[in-house]
Amino acid sequence: MSQNQEKQTSLRIGIDLLDSLMTLAGELVLSRNQLLQGISSGDSGATEFSSQRIDMITSQLQETVMRTRMQPLANTFNKYTRVVRDISVDLGKNIELEVEGRDVELDKTIIESINFPLEEIIKNAAEHGIESPEARAEQGKNKHGKIKILAFHDAGQVNINISDDGLGLDLDKISEIAVSKGVVSEKDLSMMTPEKKLKLIFEAGFSMSSDDDSSRGNGLDKVLKQIESIGGVIDISSKYLKGTEIIIKLPLTLAIIPSQIITLENQKYAIPQVNLGELIRIPVHEIKEKINVVGNAPVLRLRGELLPLVDLADLLGIEKKYRDPVTGEELPDRRKNIADRRSKKFFSGKQGEINLKENQRKNSDRRMSSESAINIAVVSSGTFKFCIIVKELNDSEEIVVKPLGRLLKDCTAFAGATIMGDGKAALILDIANLAQMAELSSVAKITKDYEQNDADLLNDKKDADSLLCFSNAENEYFAMPLEAVERIERIKGSSIEYAGGKRIVQYRGGTLPLYELSEIFDAAVMPEREIYEVIVLKLNGFEAGLMVSPPVDSVEVRAEIDKETLKQNGLKGSAIINEKTTLVIDPKEITGIFLKEMA
Amino acid sequence: MRVQKISEKNEICTFMVGDAVCGIDLLKISEINKNFEITSVPQSKEHIKGIINLRGKIVSILDLGKKLGLKDTEIDEKSRNIIVNSKNEDIGFVVERICDVVSAQQSLIEAPPSNLGKISGIHFTGVLKTENRLIGILDIESLLSN
């Protein structure tokens with residue numbers, strides 16, 4: 001089956017969209033003229049005004065152009081009825097295909113890429129999922145097997161669910177096959193949750209057929225790769241003998257992705273937000289505690305996990321330079337080890353000695369300067385979670401993804417390129433391929449052992465909480481579990497609007513409702529500020545912003561939460577953090593409060 | 001014998017690559033610029049200098065000298081990027097110096113030698129003899145394949 005179907009070279013779009021584009025183009029011209037005039041006459045008011053207009057028009061233009069590329073899924077889905085019917089006839093089964101969500105629209109490129117995976121999944125469901133009419137009758141099931149495709153929008157993503165009421169997946173059989181085909185080791189298997197075990201069917205090398213013919217490859221492996229390549233995720237749930245459900249989530253558009261910009265040896269690179277977990281800075285004095293060594297590989301201790309640490313510059317073969325603090329010149333950095341000599345080391349089996357080469361250090365111990373604090377980005381590619389050392393962390397930006405030319409297609413470390421605000425081209429990192437390049441599968445196996453056995457780590461996992469701390473009015477301190485925090489933004493007081501009695505701000509192409517802490521808790525009203533720190537939370541699929549005062553800081557604490565003294569609705573309780581009484585917010589409870597507000 | 005049939009009379013843009021003078025059919029050239037804000041691409045082949053932003057498009061830039069077996073081309077004021085279009089994609093070459101545009105008559109183009117100075121003759125379609133020099137005419141598709 002060919003994965004590359006013919007790409008369309010034209011498409012239909014509604015005239016209303018074209019009209020919108022014409023209008024926007026016209027407005028852009030007007031604003032540009034105003035801008036030019038403002039600049040040449042030195043009128044800063046006019047310049048500022050027109051630049052604001054251009055800002056708004058550009059966003060609208062971007063959105064409208066994106067809409068022209070949206071096509072309904074109906075065209076794709078309609079083909080599958082035939083596919084299912086053919087299989088039914090061939091295999092003597094009775095299968096009905098139900099489709100809901102034909103009107104859901106997706107970017108043209110995503111639709112082209114989704115065809116093969118969907119078709120493969122549906123074929124699987126029809127061929128292996130749904131049983132013969134006789135077998136179904138024996139189980140007391142309806143003679144007609146049903147496959148249902150459901151597509152819907154949810155929080156900036158498109159969900160496509162394919163479910164069937166067939167045989168379902170036999171977890172034990174899958175586990176057995178996975179081990180026998182070498183897809184996973186017994187040990188790893190024993191530590192997997194049922195959901196993870198089910199996902200083994202997507203691994204290359206896995207096959208339900210008993211023959212050793214590995215040349216056929218695993219169709220589902222290709223499905224997973226293709227879905228991940230367009231920025232989507234796939235999940236599977238199943239009840240043996242009852243049925244299976246495959247859930248695919250896709251981004252709305254391929255071309256523009258939010259990303260984190262980092263600097264590595266004087267060049268900027270982008271890490272797609274979808275791969276980014278968190279950003280960490282380790283000050284010099286914490287290195288020996290936070291960075292350990294497993295076998296030969298440095299790892300980061302993070303809340304009870306040991307994450308492989310990858311020096312990106314080394315992995316990519318980029319020459320590292322550092323600035324000599326005395327002379328200011330750039331010199332090659334020959335430091336080879338990230339871990340401190342005193343870092344905790346784990347050995348993989350044999351009693352051996354790690355030969356940590358002592359570097360040639362210059363006069364001052366370079367490690368002592370603040371230049372040697374380490375910046376780390378925790379990334380994951382679905383299968384692997386690991387850390388990248390970066391020289392500098394820059395802003396998070398929405399970037400336009402552009403393909404690399406054909407001469408660079410072997411550079412698998414990069415998923416594409418983009419153009420930065422300063423006009424320079426920057427490369428986008430392909431985290432999944434980087435994980436492969438760093439051969440993380442072997443490191444992962446070793447670290448799993450140690451995570452289970454290291455008492456300190458287990459303690460870490462148990463007690464440490466990552467909290468985000470912030471203030472409200474003076475002397476009022478609050479904290480909230482970091483995992484509930486989507487983002488932290490700064491917004492200007494002047495950009496806050498009131499619509500229908502609610503406070504909102506225009507945010508990322510939509511509107512974000514804003515709440516002051518005093519509106520949710522028994523707290524003082526915050527004094528008006530020019531700039532507010534806003535904590536963006538994602539609760540039950542929608543985003544809301546909490547207006548708070550700085551400093552906004554994240555801490556890892558093993559604090560006792562007092563659940564009684566200062567308890568209120570929406571709070572877990574209070575704790576003493578950094579010697580201050582801090583009210584700890586319960587994200588689930590305040591979701592309830594927000595939902596009531598919105599009703 | 002790979003003497004390429006070009007049109008009766010055509011213009012060849014000539015430039016220096018190391019000590020040799022090379023040329024490309026002028027019609028194959030999209031543009032020539034001094035855009036040297038090159039972002040290097042780690043792990044790419046040695047002769048690829050990196051990528052640039054060409055009015056919103058990402059264009060790969062090759063070091064022509066390096067590709068032909070010479071050493072790295074150092075970029076200075078005289079260096080230029082020659083942008084060609086191959087199979088629907090814009091690709092650029094860095095050359096040390098652009099020389100004249102030479103009008104060539106088909107009849108004066110001979111088969112390529114096995115070497116042009118230190119450069120292997122593999123990527124040439126022919127040589128043009130002028131009064132004072134020998135111009136190696138490059139085969140772009142051959143350069144960009146493999």
Side-chain angles (χ1 to χ4, degrees), chain A residues 7 9 58 61-62 65 255-256 261-270 310-321 388 390-391 399-430 433-434 436-438, chain B residues 24 28-31 33-69 72-73 75 81-95 123 138-146:
Chain A
K7 306 245 159 133
T9 47
T58 309
L61 197 55
Q62 175 203 319
V65 169
I256 300 186
I261 310 294
I262 61 168
T263 302
L264 211 56
E265 301 310 319
N266 277 329
Q267 274 196 171
K268 293 203 158 67
Y269 297 84
V310 171
D311 186 322
L312 203 54
D314 280 340
L315 185 62
L316 295 176
I318 305 175
E319 195 195 345
K320 282 189 284 188
K321 298 207 163 77
I388 300 181
V390 302
K391 192 126 180 188
I399 57 172
V400 179
V401 178
K402 292 182 184 282
L404 288 171
R406 70 179 195 264
L407 297 174
L408 293 169
K409 63 175 162 44
D410 291 330
C411 297
T412 53
F414 307 108
T418 184
I419 295 175
M420 305 255 64
D422 62 2
K424 256 197 113 176
L427 293 157
I428 303 173
L429 298 174
D430 184 325
N433 285 343
L434 284 174
Q436 260 191 345
M437 280 169 72
Chain B
I24 296 182
K28 296 211 164 79
I29 298 183
S30 263
E31 74 180 69
N33 65 45
K34 284 194 280 185
N35 183 343
F36 289 121
E37 293 263 316
I38 302 181
T39 299
S40 68
V41 179
Q43 308 258 299
S44 59
K45 301 215 179 83
E46 275 227 305
H47 57 266
I48 297 186
K49 270 204 146 27
I51 52 177
I52 58 167
N53 164 14
L54 189 63
R55 291 182 299 281
K57 265 204 291 206
I58 301 281
V59 174
S60 308
I61 302 286
L62 273 69
D63 183 332
L64 187 52
K66 194 98 200 230
K67 173 74 188 181
L68 293 174
D72 280 350
T73 306
I75 297 186
N81 275 330
I82 297 181
I83 313 281
V84 299
N85 189 294
S86 156
K87 299 191 181 133
N88 251 327
E89 191 189 327
D90 283 333
I91 301 184
F93 302 95
V94 177
V95 300
H123 297 299
L138 285 167
D139 180 348
I140 300 198
E141 295 305 329
S142 158
L143 265 177
L144 295 178
S145 60
N146 83 291

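Just so it is clear: chains get the letters A, B, ... in the order the sequence lines come, proteins before strands, and each one is counted from 1. We use all heavy atoms of the structure for the numbers below, so side chains are in, but hydrogens, waters and symmetry mates are not. All figures in this text were calculated on a predicted structure; none of them were measured in a lab.
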Handout entry: Side-chain (B:Asn53) to main-chain (A:Ile419) donor-acceptor, under 3.5 angstrom
Key = no

Practice task
Answer yes or no: is there a donor N or O on one side and an acceptor on the other, between the side chain of A:Thr418 and the main chain of A:Val400, under 3.5 Å?
Solution key: yes

Let me know if [X] has heavy atoms under 4.5 Å from chain B in its side chain, its backbone, both or neither.
X        : value
A:Leu316 : both
A:Ile318 : side chain
A:Leu315 : backbone

Problem - Which of A:Gly317, A:Gly405, A:Pro403, A:Ala313 touches chain B most, by non-hydrogen pairs under 4.5 Å - result: A:Gly405

Practice task
Check whether B:Leu62 gets within reach of chain A through its side chain, its backbone, both or neither, counting any heavy atom under 4.5 Å.
Solution key: side chain

Problem - Toward chain A, the part of B:Ile52 with a non-hydrogen atom under 4.5 Å - result: backbone

Problem - Any side-chain heavy-atom pair of B:Ile61 and B:Phe36 under 4.5 Å - result: no

Practice task
Give a yes or no on this: more than 12 heavy atoms of other residues, nucleotides or ligands lie within 6.0 Å of atom NZ of B:Lys57.
Solution key: no

Problem - B:Thr39 versus A:Gln267, side-chain donor and acceptor atoms under 3.5 Å - result: no

